[in-house]
Structures are given as structure tokens and as C-alpha cells.
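Note sheet for the following structure.
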Amino acid sequence: MSYLYPVYFKLDHKLCLVVGGGRVAERKIGSLLECGAVVRVVSPAVTPLIGQWNCQEKLELRQREYQPNDLDDAFLVFAATNQPKVNQRIVKDCQMKNLPINVVDDPENCNFTVPSVVRRGRLSIAVSTKGASPMLAAKIRRQLAEQFGPEYGEFLEILADLRQRILYEVEEIEERQEIFKKLIESDILELLRENKHGQVKERIDKCLSR
Ligand SMILES: C[C@@]1(CC(=O)O)c2cc3[nH]c(cc4nc(cc5[nH]c(cc(n2)[C@H]1CCC(=O)O)[C@@](C)(CC(=O)O)[C@@H]5CCC(=O)O)C(CC(=O)O)=C4CCC(=O)O)c(CCC(=O)O)c3CC(=O)O
Ligand SMILES: NC(=O)C1=CN([C@@H]2O[C@H](COP(=O)(O)OP(=O)(O)OC[C@H]3O[C@@H](n4cnc5c(N)ncnc54)[C@H](O)[C@@H]3O)[C@@H](O)[C@H]2O)C=CC1
């Protein structure tokens with residue numbers, strides 16, 4: 001069995017097509033919008049929330065059945081109707097155009113699938129079961145969410161800032177890596193978790209001192 005290859009796409013300003021407007025389409029659209037994608041939805045009927053996003057001009061709604069020209073300019077395509085025949089047609093059209101396609105009712109014919117995700121600011125932890133059990137993926141996501149609290153988002157903001165500074169100021173690679181190691185092995189995460197922000201700066205200074 002070959003593995004699925006995980007990547008993190010930047011979707012800002014990229015056109016993503018979602019065909020279908022039900023509960024499953026809504027979940028896919030919600031996460032695409034969070035990632036800054038430009039979303040085109042094609043569906044005769046949509047959920048109230050998709051309708052609301054349309055009224056707020058957060059997406060483009062084509063309120064009718066799928067047509068092949070809906071694929072024009074798409075970067076990613078999601079076939080999320082409840083009609084297997086329609087979904088299969090979309091897969092075929094995408095294969096002809098070499099477009100990446102996610103089908104919600106046919107894992108075998110997807111060329112990408114959507115994982116279950118925990119986000120803490122810059123940290124994303126994605127879980128996939130290669131289609132075997134999305135419900136287990138969601139359970140693992142909930143377990144990870146308990147283990148990785150909001151302090152990880154805060155810590156990564158600090159690390160992102162420091163990293164720029166250290167890359168600029170510290171010439172020796174070994175010395176840089178020593179500092180990064182000290183930072184991640186420190187108790188800064190615990191201090192953030194316990195809201196002891198006062199001590200965080202002290203700890204950072206200690207890690208930076210040579
Ligand atoms: C292949 C894949 C394609 C894709 O959609 O990308 C796919 C396919 C299918 N899902 C089905 C069912 C359910 N899917 C969910 C939920 C999620 N499904 C997601 C992803 C994926 N689902 C991809 C593989 C992911 C992996 O490899 O693990 C998640 C992670 C991400 C997301 O959708 O955003 C999201 C959880 C988000 C979260 O909570 O974190 C639930 C639970 C619920 O709805 O609460 C159920 C009902 C329970 C059950 O059946 O397990 C069915 C059968 C439909 C039927 O019965 O007709 C198929 C088709 C089939 O298996 O043939
Ligand atoms: N991948 C996943 O995570 C999951 C997948 N599923 C599968 O996804 C399918 C969809 O599930 P729901 O969103 O709950 O269904 P739903 O019945 O709520 O929505 C179906 C949507 O498809 C639209 N539609 C139907 N024909 C169309 C056409 N020709 N062109 C464009 N849009 C069309 C309808 O207007 C409707 O908005 C299910 O039939 C099931 O097979 C179900 C649960 C989870």
C-alpha cells in the first residue's frame with residue numbers, strides 16, 4: 001500500500017470549486033474560507049450558512065446544477081453532491097484537465113483527501129486514515145486538541161519572531177541551533193499555559209545569553 005503524500009497548500013486568492021451545497025460541502029467551504037481561498041459554489045440548493053456566506057459576498061454562488069465550465073480557473077475541485085453519477089462526471093472532467101479532485105463519496109477516485117485538523121495559530125496537526133475511518137481521524141483530532149493547547153500558538157509567534165532575529169544576528173549555524181534547542185527545551189510553554197507571561201521574557205533572555 002502506498003502512502004498519501006501530505007502537503008500544506010497556500011490557498012490565498014486561489015479559486016476553489018465546490019460542487020454541492022449540503023452539510024458536507026458546507027464543512028469543506030468553511031475550511032477553504034478560513035484559508036483565504038476564493039470559493040465558487042455550484043448547487044441548486046444550499047444550507048442556510050452557505051446562503052449567508054453568499055449574502056455576505058464571502059463566496060460566489062452559481063445556483064444551478066454542475067456544468068463543465070464551472071471548472072474554469074479552478075486550482076482545487078471538490079465534488080460534494082449526493083448524486084454519485086454527478087460526482088463521477090466531475091472526476092472524469094477533472095482527470096481530463098489534470099485538476100486535483102476531492103470526491104466526498106469515493107476515496108479510491110480522489111487524488112487528494114481532506115484530513116481532520118487541529119489548529120493553534122501557526123501550528124496545524126493534520127490526521128488522515130487514508131479513507132479507512134474519518135470518524136477515527138476526528139477522534140484522534142479531539143485527543144490532540146487536549147494535548148496541544150492555545151499556548152502552542154503563542155509560543156510559535158514568539159519563536160517566529162526570535163527565529164528571524166537569530167538568523168540575522170547569530171552567524172554560526174551550530175550556535176543558532178543551540179539557541180533554538182534551548183528555546184524549545186525550555187519551560188516557556190508551561191509558563192504560557194500558566195499565564196506567567198512575566199517570566200517568559202526572562203526565560204527567553206536566558207536562552208539567548210551565550
Ligand atoms: C476519503 C474522505 C474524502 C474527503 O471528504 O476528503 C472521506 C470520505 C467519506 N467520509 C464519509 C463519512 C464521514 N465523514 C465524516 C467526517 C469527516 N470526513 C473527513 C474526510 C474524509 N472523508 C476523507 C478521508 C479522511 C481520512 O482519510 O481519514 C474529515 C476528516 C474532513 C472533512 O470532511 O472536512 C471529516 C472530519 C472532520 C473533523 O471532525 O475533524 C463523518 C463524521 C461526521 O460527519 O461527523 C462521517 C460519518 C461517519 C463515517 O462514515 O465514518 C463517507 C461515507 C458517507 C456515507 O456513509 O455515505 C465517505 C465516503 C466513503 O468512505 O466511501
Ligand atoms: N466526505 C465526507 O466527509 C462525507 C461524505 N458523505 C457523502 O457526501 C454526500 C453529500 O452529503 P451531504 O452534504 O450530507 O448531502 P446533502 O443531501 O445535504 O447535499 C447534497 C447537495 O448536492 C447538491 N446537488 C445535487 N445534485 C447536484 C448537481 N447536479 N449539481 C450541483 N449540486 C448538486 C444538492 O443541491 C445539495 O446541496 C453524501 O451523499 C455521502 O455520500 C457523507 C458524510 C461525510
Side-chain angles (χ1 to χ4, degrees), residues 1-9 11 14-37 39-55 58-72 74-95 97 99-120 123-150 152:
M1 184 182 78
S2 53
Y3 292 117
L4 296 176
Y5 186 74
V7 292
Y8 285 92
F9 274 126
L11 289 185
K14 295 278 185 204
L15 179 66
C16 295
L17 171 68
V18 179
V19 187
R23 185 182 64 95
V24 175
E26 179 184 293
R27 188 165 68 224
K28 260 61 175 182
I29 295 165
S31 54
L32 289 169
L33 291 174
E34 282 177 6
C35 294
V39 180
R40 173 184 296 159
V41 180
V42 181
S43 181
V46 297
T47 64
L49 183 55
I50 299 174
Q52 191 182 319
W53 285 329
N54 177 47
C55 290
K58 291 190 174 163
L59 47 77
E60 176 202 351
L61 177 60
R62 298 183 173 179
Q63 200 151 4
R64 54 161 171 73
E65 292 193 347
Y66 165 77
Q67 297 169 4
N69 67 6
D70 294 323
L71 298 173
D72 291 353
F75 178 72
L76 295 177
V77 180
F78 298 78
T81 82
N82 55 356
Q83 305 295 313
K85 284 236 161 68
V86 176
N87 290 345
Q88 281 162 27
R89 170 78 203 276
I90 301 167
V91 171
K92 276 208 169 142
D93 293 348
C94 287
Q95 281 168 348
K97 295 184 146 204
L99 272 171
I101 171 76
N102 172 266
V103 199
V104 295
D105 60 354
D106 188 2
E108 286 305 307
N109 283 308
C110 283
N111 49 24
F112 70 96
T113 58
V114 180
S116 189
V117 184
V118 184
R119 287 189 208 287
R120 299 288 181 253
L123 175 68
S124 306
I125 313 174
V127 182
S128 156
T129 63
K130 205 178 180 192
S133 175
M135 209 184 254
L136 179 62
K139 183 179 176 195
I140 295 170
R141 182 221 349 122
R142 288 192 294 273
Q143 290 169 336
L144 290 168
E146 295 208 352
Q147 191 179 335
F148 295 88
Y152 279 83

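Remember, it's 1-based here, ligands and their atoms both numbered in the order they're listed.
Residues N109 and D106 have side chains that bring a donor and an acceptor to within less than 3.5 angstrom of each other.
Under a 4.0 angstrom heavy-atom cut-off, P134 registers as lying outside contact with ligand 2. The shell of residues lying under 4.0 angstrom from ligand 2, judged by heavy atoms, includes V42. By the 4.0 Å heavy-atom criterion, E26 is excluded from the residues contacting ligand 2.
Looking at S116, A25, S43 and measuring to atom 35 (O) of ligand 2, the nearest heavy atom belongs to S43. Nearest to atom 39 (O) of ligand 2 by heavy atom, out of N82, D105, I50, V114, is N82. Across I90, N87, T81, heavy-atom proximity to atom 22 (O) of ligand 2 is greatest for T81.
Protein heavy atoms all stay at least 4.0 Å away from atom 46 (C) of ligand 1. The protein does not reach atom 54 (C) of ligand 1 closely, with no heavy atom under 4.0 angstrom from it. The protein does not reach atom 50 (O) of ligand 1 closely, with no heavy atom under 4.0 angstrom from it.
Salt bridge annotation for D93-R89: present, with a cationic side-chain nitrogen under 4.0 angstrom from a carboxylate oxygen. Ion pairing between a basic and an acidic side chain is recognised when a charged N comes within 4.0 Å of a carboxylate O; E60 and R62 show such pairing. Salt bridge R40/D72: absent, no basic N to carboxylate O contact under 4.0 Å.
Of the heavy atoms in R23, both backbone and side-chain atoms come closer than 4.0 Å to ligand 2. At a heavy-atom cutoff of 4.0 Å, ligand 1 is contacted by the side chain of K28 but not by its backbone. With a 4.0 Å cut-off on non-hydrogen atoms, A137 touches ligand 1 through its side chain and not its backbone. For P115, every heavy-atom contact with ligand 1 shorter than 4.0 Å involves the backbone, none the side chain.
Given atom 11 (C) of ligand 1, the protein heavy atom at minimum distance is P134 CG, 4.1 Å. The closest protein non-hydrogen atom to atom 44 (C) of ligand 2 is V24 CG2, 3.5 Å. Given atom 35 (C) of ligand 1, the protein heavy atom at minimum distance is R27 NH2, 3.6 Å.
Within 6.0 Å of atom NZ in K139, 12 or fewer heavy atoms from other residues, nucleotides or ligands are found, so the atom counts as exposed in its surroundings.
Considering both main-chain and side-chain atoms, V114 comes within under 3.5 Å of ligand 1 through a nitrogen or oxygen pair. For the pair F112 and ligand 1, the shortest N or O to N or O distance does not fall below 3.5 Å. Checked against a 3.5 angstrom limit, the closest N/O atoms of K130 and ligand 1 fall inside it. Taking distance alone, with nitrogen or oxygen atoms compared against 3.5 Å, S133 stays at or beyond that limit from ligand 1. Geometrically, ligand 1 and T129 share a nitrogen or oxygen pair separated by less than 3.5 Å.
Of all atoms in ligand 2, listed by their number and element, those nearer than 4.0 Å to a heavy atom of E65 are 29 (N), 30 (N). Listed by number with element, the atoms of ligand 2 under 4.0 Å from a non-hydrogen atom of G20 are 22 (O), 23 (C), 32 (N). Proximity to K28 (heavy-atom distance under 4.0 Å) selects the following atoms of ligand 2: 1 (N), 3 (O). Taking every heavy atom of G21 and a limit of under 4.0 angstrom, the matching atoms of ligand 2 come to 21 (C), 36 (C), 37 (O). Residue Q83 approaches ligand 2 through these ligand atoms, each under 4.0 Å from one of its heavy atoms: 25 (C), 26 (N).
Contact of the I50 side chain with the L59 side chain is registered, since non-hydrogen atoms from C-beta on lie closer than 4.5 Å. Between V114 and N102 the shortest side-chain heavy-atom distance falls below 4.5 Å.
Panel note: side chain R120, backbone I125; no donor-acceptor pair is recorded below 3.5 Å.
The only member of Y5, F78, F9 that meets ring pair (Phe, Tyr, Trp, His ring centres under 6.0 Å) when paired with F112 is F78.
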